[in-house]
Colleague: 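Pasting in a structure now, in structure tokens, and then I'll have a few things to ask.
These numbers were taken from a predicted model, which means no experiment stands behind them.
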Amino acid sequence: MAPRSFLPPPPTSSFGKWRVQNLRETHADRMGVQLAQTLLRVSNEELLTLPRRSDGSWVIPHPSQRFFLERLLSNGIVLKEADKVEVINAQIDLRVLTCPQLLAIRIANLDFATQSSSHSAHTNFLDSVKSLLCEKLAKALLGRGASNAQREETVIASFTKPQLIQLGRRCLFAFGAYDHLEQQEHGKAKELDENSEGRALSASSSSFSTTTSSFASSAAPSLTSNLPSLWALVPDGSDADGRAVLLDMQNARLEVFTLEPPSMPDTHGELVGLVIEKADGVGAGRCLHWEILSVESHEVVAELNRLSEAAEKSKAFGSELSDSVKRRAAGRSSELGLDHLEEARENHDAAILGSEVEREPPQWRRQLRQVVPQQQQRQQQQQQQQ
């Protein structure tokens, strides 16, 4: 009998496949913020201009805090060398900075990492930068993908703050994965061109002209990347809400579409990269294992629904397997040593409660709330009688 498997079969018509394997989330995040800054680049004047209200007054009222943020944005001060009090006072004003400004602060401190308690204020400051950056990046990408201002407000309002943070974080991972694959493709192209040049040079030194022409004609052309610039992503778990997003890597745009009823945006004939996301590990060692399948736009919704259904079946099968293991192990508790663990726990609890509690292993836990008050009541009555 063949083993049960809920791994999804390949799409009906895939035009290419790319894999991102063992890419650390920290590295993907680093590459992602750098690509995001390139795509959302603004002038130095805009970068150094802090926000004002419509009447011209400063949104950040304190001059010292404005001066600190201006120096931070202009690289006039290094965060790790900044005074602790200044860092704490400026942290609350991060919420009024723009996405490019938060990107600039984040990139300037990519190598800053410490567990020292003396820099806890600086660590908290950068944590706030990361969280706000993800939220504002998602808003910026959604705004660029909206057709008008009213549509932009409606789309952004349909996401909660945690959903925006999670969406922005996954967009950074997607930017990083895209950049990683592009570098791999360019590396292959460079290696192929160097090999072709080497073959041509060795052929030209030959005394046979026919051999020379043969090698020259067989030189492989430069490898061009067919990696799609449009990626379809589905938010994780409860954040999905029956929706998916289409991330445009070249134009830094994010469009939302629904799976039921299907409402795929018009891609003007471009192929779409269907992202199958997996990850393992914890903390700084957590790695991405993504697979990107190139499909036609009209197949995206059907493929995403199929992948979602396969994931649900796999989850249900895992739960069923876990319950089955528990049932089979229930009758072998003595062989597995589980009864000794239960007895040890009961002895431990009995010792803590005191020897006055009469211990009856099968029932004493259920009777505990009745036994202790009764004994206390008898002791009080005896004291009163004496």
Colleague: Can you find a side-chain donor-acceptor pair between E296 and H298 that sits under 3.5 Å?
Modeller: yes
Colleague: Under a 3.5 Å threshold, yes or no: a donor from one side chain and an acceptor from the other, between S43 and E46?
Modeller: yes
Colleague: Do the side chains of R106 and D29 get close enough for a salt bridge, i.e. N-O under 4.0 angstrom?
Modeller: yes
Colleague: Can you tell me how the ring of F112 sits relative to the ring of H122, calling it parallel under 30°, perpendicular over 60° and tilted otherwise?
Modeller: tilted
Colleague: Can you check whether L246 reaches W231 side chain to side chain, under 4.5 Å on heavy atoms?
Modeller: no
Colleague: Do we see a donor-acceptor contact under 3.5 Å between the side chains of H289 and D280?
Modeller: yes
Colleague: Are E277 and L233 side-chain neighbours, meaning at least one heavy-atom pair lies under 4.5 Å?
Modeller: yes
Colleague: Q101 versus T98: any side-chain heavy-atom pair under 4.5 Å?
Modeller: yes
Colleague: Does some side-chain heavy atom of V275 sit less than 4.5 Å from a side-chain heavy atom of F173?
Modeller: no
Colleague: Ignoring hydrogens and angles, state whether a donor on the side chain of Y178 or Q250 is under 3.5 Å from an acceptor on the partner side chain.
Modeller: yes
Colleague: Search all heavy atoms of E270 against all heavy atoms of S229 and return the closest pair with its distance.
Modeller: OE1-OG, 3.7 Å
Colleague: So, do Q34 and L110 sit near enough that their side-chain heavy atoms are less than 4.5 Å apart?
Modeller: yes
Colleague: Which value, rounded to the nearest 0.5 Å, describes the distance between M31 atom CE and R24 atom CZ?
Modeller: 14.5 Å
Colleague: Can the positive tip of R243 be found less than 6.0 Å from the middle of the six-membered ring of F159, inside 45° of the ring normal?
Modeller: yes
Colleague: Can you find a heavy atom in the side chain of C287 that is under 4.5 Å from one in the side chain of Q21?
Modeller: no
